[in-house]
Q: 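I have a structure here, written as structure tokens, and I will follow up with some questions on it.
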Amino acid sequence: MAEEDRFIRYLTDFGLSRQEALVYRELLSGGKQSGYEIAKAAGISRSNAYTSLAALVEKGAAYLVEESAKRYIPVRLEEFCGNRLRRMEEEMAWLSANLPSETESEDGYITVEGEENIRNKMLNLLERAEERVYLSGSTSCLEEVRPQLEALLSAGKKVVLVTDGGKGSFKLPGAVIYVSGPKEKQIGLITDSKYVLSGEYGQGSMNTCLYSGQRNFVTVFKNALANEIELIKIRKGEKAKDE
């Protein structure tokens, strides 16, 4: 994804439409401007420019400056994003405090599709882990969640990793690491012997995983991973014996 496209996409995560994000970016790069100047710079109609500028003012991303002609200046990016995050945190706290009841069913099998959705599910599972984590995946996958794994280890929780690559290809002090054959896009995650996320994840893959807290499924997956680890131990021992 081009940096320009990523910049626009990330701004939309903060509540702006794509056109508003485009106009905001032009304001950030060009400073104080009129609607006419913004329309010309962004390559949009003047009516669309003024509509987007009005929305930016309402959403706290721009200020209107009353001069001989109306001009607009951007709110600093850090300030705008910080304000949105603070508001979201306050609203999340209110929602949590006012939720009538919350029941989480872990008995079914849930299909998680899309690279971002799978990554978010993986991060949430790691952040919620209370005692131990078993994660099987490529070195690139493990690098993506390194901060979460380091946080778990810092909190005294057990982390066991099964990954591919040569010896020492992925290092994480405090974690138990087993080196297997190629993992490609396959991932498997077990947290606290309660929840499993398993499937295909990564750029260019189908990006489909199965998530479940169903006891039988968790048990089967745990046994499969334990068997893989035992095979790795045996092969390592055989190799050491041959050497």
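The first residue in the sequence is number 1, and the count goes up from there.
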Q: CD1/I118 to CD1/I187 distance, rounded to the nearest 0.5 angstrom?
A: 6.0 Å
Q: Using atom types as modelled and distance alone, determine if a side-chain donor or acceptor of Q33 lies under 3.5 Å from a backbone N or O of G31.
A: yes
Q: Give me the other members of the hydrophobic cluster that Y36 sits in, counting Ile, Leu, Val, Met, Phe, Trp and Tyr linked by side-chain heavy atoms under 4.5 Å, directly or via other members.
A: none
Q: Identify whether L85 and Y24 are in the same connected component of the hydrophobic contact network (ILVMFWY, side-chain heavy atoms under 4.5 Å).
A: yes
Q: Within the 4.5 Å heavy-atom criterion, are V179 and I232 side-chain neighbours or not?
A: no
Q: Decide yes or no on side-chain contact (heavy atoms from CB on, under 4.5 Å) for T191 and L197, but give the supporting numbers first.
A: CA-CA 9 Å; T191 59; L197 180 69; over 6 Å; no
Q: What residues form a ring pair (Phe, Tyr, Trp, His ring centres under 6.0 Å) with F221, not counting sequence neighbours?
A: none
Q: Would the distance check show the side chain of K59 and the main-chain N or O of G15 forming a donor-acceptor pair, the cut-off being under 3.5 Å?
A: yes
Q: Quick one: side chains of residues 145-160, donor-acceptor pairs under 3.5 Å with protein atoms, not counting sequence neighbours, listed by atom name and distance.
A:
| residue | atom | partner | partner atom | Å |
| --- | --- | --- | --- | --- |
| R146 | NE | E143 | OE1 | 3.0 |
| R146 | NH1 | K171 | O | 3.0 |
| R146 | NH2 | E143 | OE2 | 3.0 |
| R146 | NH2 | K171 | O | 3.2 |
| S154 | OG | E150 | O | 2.9 |
| K157 | NZ | A129 | O | 2.8 |
| K158 | NZ | Y134 | OH | 3.3 |

Q: Under the criterion side-chain contact (heavy atoms from CB on, under 4.5 Å), I'd like the reasoning laid out for E200 against T208: C-alpha separation, chi angles, the key distance, then a yes or no.
A: CA-CA 5 Å; E200 192 168 303; T208 299; 5.8 Å; no
Q: Check the hydrophobic clustering (I, L, V, M, F, W, Y; side-chain heavy atoms under 4.5 Å; chains of links allowed) and say if I73 and V23 are grouped together.
A: yes
Q: Where is the tightest heavy-atom contact between Q214 and N216, given as atom of each residue plus distance?
A: OE1-N, 2.9 Å
Q: Hey, can you tell me if F217 and Y109 have their rings parallel, tilted or perpendicular (30° and 60° cut-offs)?
A: perpendicular
Q: Counting only N and O atoms by type, is there a donor-acceptor contact under 3.5 Å from the side chain of S180 to the main-chain atoms of T163?
A: yes
Q: List, by chain and then residue number, the residues other than L95 in its hydrophobic cluster (Ile/Leu/Val/Met/Phe/Trp/Tyr, side-chain heavy atoms under 4.5 Å); write none if there are no others.
A: W94
Q: Indicate, with yes or no, if L123 and Y201 share a hydrophobic cluster defined by side-chain heavy-atom contacts under 4.5 Å among Ile, Leu, Val, Met, Phe, Trp and Tyr.
A: yes
Q: Would you say the side-chain atoms of E184 pair up with the backbone N or O of Q186, donor to acceptor, closer than 3.5 Å?
A: no
Q: Is the backbone N or O of S34 less than 3.5 Å from a side-chain atom of E37, with the two atoms forming a donor-acceptor pair by type?
A: yes
Q: Examine distances only and state if a side-chain atom of S138 and a backbone atom of K183 form a donor-acceptor pair shorter than 3.5 Å.
A: no
Q: Can you name the closest pair of heavy atoms from V75 and A62 and give their distance?
A: CG2-N, 3.6 Å
Q: Any idea which heavy atoms bring I177 and L172 closest together, and the distance?
A: CD1-N, 3.8 Å
Q: Using distance alone, with no hydrogens and no angle criterion, decide if T12 and R18 have a side-chain donor and acceptor under 3.5 Å apart.
A: no
Q: Any chance you could measure S52, atom OG, to L22, atom CG, to the nearest 0.5 Å?
A: 8.0 Å
Q: When clusters are formed by joining ILVMFWY residues with side-chain heavy atoms under 4.5 Å apart, either directly or through shared neighbours, do I110 and V220 land in the same one?
A: no
Q: Going from CG on L225 to OH on Y178, what distance comes out if it is rounded to the nearest 0.5 angstrom?
A: 9.5 Å
Q: First locate atom CD of E116, then atom CG of N207, and finally report the distance between them rounded to the nearest 0.5 Å.
A: 11.0 Å
Q: Going by the side-chain contact (heavy atoms from CB on, under 4.5 Å) test, name the single residue among L189, L161, D192, L125 that passes it with V133.
A: L189
Q: Kindly check if the number of other-residue, nucleotide or ligand heavy atoms within 6.0 Å of CD (E78) is above 12?
A: yes
Q: Residues in salt bridge (Lys or Arg N to Asp or Glu O under 4.0 Å) with R86, at least two apart?
A: none
Q: Determine all donor-acceptor pairs shorter than 3.5 Å in which one atom belongs to a side chain in residues 38-48; sequence neighbours excluded.
A:
| residue | atom | partner | partner atom | Å |
| --- | --- | --- | --- | --- |
| S45 | OG | S47 | OG | 3.2 |
| S45 | OG | N48 | N | 3.2 |
| S45 | OG | N48 | ND2 | 3.1 |

Q: Hey, could you give me the CD/CD distance between E89 and E91, rounded to the nearest 0.5 Å?
A: 11.0 Å
Q: For the CZ atom of F7 and the CG atom of L77, what is their distance to the nearest 0.5 Å?
A: 5.0 Å
Q: Against S193, only a single residue in R132, R215, E131 fulfils side-chain hydrogen bond (donor to acceptor under 3.5 Å, both in side chains); can you say which?
A: R132
Q: For G60 and F80, which heavy atoms make the closest approach, and how far apart are they?
A: O-CD1, 3.5 Å
Q: Among the clusters formed by ILVMFWY side chains lying less than 4.5 Å apart, do L231 and I190 turn up in the same one?
A: no
Q: Less than 4.0 angstrom from a charged side-chain N to a carboxylate O is my criterion; do R119 and E115 meet it?
A: no
